[in-house]
Amino acid sequence: MSRTLEPATSASVVRRVVAGLPAYDPGADPDEVATLSGAARVIKLSNNESPFGVSPAAAEAVRLRLARGVSRYPDPTGKRLAEAIGKSLTVPAERIILGNGSENILELLCQAVLDPGDLVTTQAPGFSLHEIFPRMVGARVEKVPVTAEFGFDAAAWRHALAAGPKLVFLANPCNPTGAMLSVGELERIVADTSKSALLVLDEAYCEFARPDPDYPDGLAVLHGQDRPWMVLRTFSKAYGLAGVRVGFGVASDATLVQALDRVRAPYNVNQLAQDAAIAALGDRAHLADTVRRTGREIARVTDMLRRAGFRVAPSSANFVFIDTSCRSDRVAEELHRAGIIVKAWREPGYENFIRASLSLPEDNDIFVRCLMEICAKG
Ligand SMILES: *Cc1c(COP(=O)(O)O)cnc(C)c1O
């Protein structure tokens, strides 16, 4: 299946920057992998989803809403959800923006803040939408590499921030490495970022990292800073709601939320998603259980892989970034034949890496065994 834009009559109307954009890579299609492998059950480790499902309360909220009917448009401001989030974080609801996934908010930020030619600074390796959305509006993107040990390169960041970006996208923990910035490292980035730049902290995986005392609460670090900032979070990962699409941002001030509202589609978060998120937020036990079980698997699988001789980045998230020592697209292809989907990394310098999100223990064992066989290790 080709994702390139074919020469066609429509080619002449497509904006030049759009024609030149890299395509987002969602990973292999589970139906295609099922056919290719003949596996009765595909093990999908490609999108950092939760194997532990959603809170039963969230599932019940969706059922209830369906029973009451969905013929009306959703609440365009999502005020009940924004208030519930605000209450849980002790932030006024007027500083919260909701999105059709936090990806939606990344897009809104680019549309509201960036002019063509503006500079955006982010990480490498990194989350592709931190690059694709800025480029979509004609901005330039500079990526700051991690150290050889997947750590934060303070000197490289200071240098990059001195170039005066308009917007900084920083994921903590980082996707795809899973590595986290410490309190001190984050404070350093904040200090080195110009007060006229918008600093966006993408905390899609914060729930998994929080048990580590050295993991900074982005809201606490940015609170009271005299600068524009936003912290992004999502219900897609630890809350297990990737399929309904809902995320949120906490802004430095209500004015930034109002700017995003101007470029936002009015009904961007559907009613089922709003209801599910409110219920999920109220179920602390389900979240704690997901975080505890994920942490156990991360430690166990990282240890198994390292014993087998693989280099694995230290992960504070729900996935591992693995150096396979051979071309990752070939490794991924072999895994697909065995009915296991991972993401082959393609950024320069990381062509030997795969990213695998962890699943239930028995599936993780199958994955590790297959990977060892393919790479002839262990
Ligand atoms: C998964 C992810 C997101 C967003 O996911 P949504 O489903 O759109 O909320 C955002 N940032 C990073 C770094 C991610 O890995």
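All ligand and atom numbering here is 1-based and tracks the order in the structure. Computed from heavy atoms alone, side chains included, the values below leave out hydrogens, waters and symmetry copies.
For Arg68, the CZ atom sits in a loose shell: 12 or fewer heavy atoms of surrounding residues, nucleotides or ligands are nearer than 6.0 Å. More than 12 heavy atoms of other residues, nucleotides or ligands lie within 6.0 Å of CZ in Arg300, so this atom counts as buried by the packing criterion. The 12-atom threshold is not exceeded at CZ of Arg80, counting heavy atoms of other residues, nucleotides or ligands nearer than 6.0 Å.
Annotation: side chain of Met180 is in contact with side chain of Asp214 (closest heavy-atom distance under 4.5 Å).
Cluster membership check: Ile43 shares its hydrophobic cluster with Val320, using side-chain heavy-atom separations under 4.5 Å among Ile, Leu, Val, Met, Phe, Trp and Tyr.
Rounding to the nearest 0.5 Å gives a distance of 11.5 Å between CZ of Phe353 and CD of Glu347.
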Considering only N or O atoms, set out every pair between ligand 1 and the protein closer than 3.5 Å, with distances to one decimal place.
from, atom 1, to, atom 2, distance (Å)
ligand 1, 7 (O), Ser236, OG, 2.6
ligand 1, 7 (O), Arg245, NH1, 2.7
ligand 1, 7 (O), Arg245, NH2, 3.2
ligand 1, 8 (O), Ser102, N, 3.1
ligand 1, 8 (O), Glu103, N, 3.0
ligand 1, 8 (O), Arg245, NH2, 2.8
ligand 1, 9 (O), Ser102, N, 2.7
ligand 1, 9 (O), Ser102, OG, 2.9
ligand 1, 9 (O), Thr234, OG1, 2.5
ligand 1, 9 (O), Ser236, OG, 3.4
ligand 1, 11 (N), Asp202, OD1, 3.2
ligand 1, 11 (N), Asp202, OD2, 2.6
ligand 1, 15 (O), Asn175, ND2, 2.8
ligand 1, 15 (O), Tyr205, OH, 2.6
ligand 1, 15 (O), Lys237, NZ, 3.3

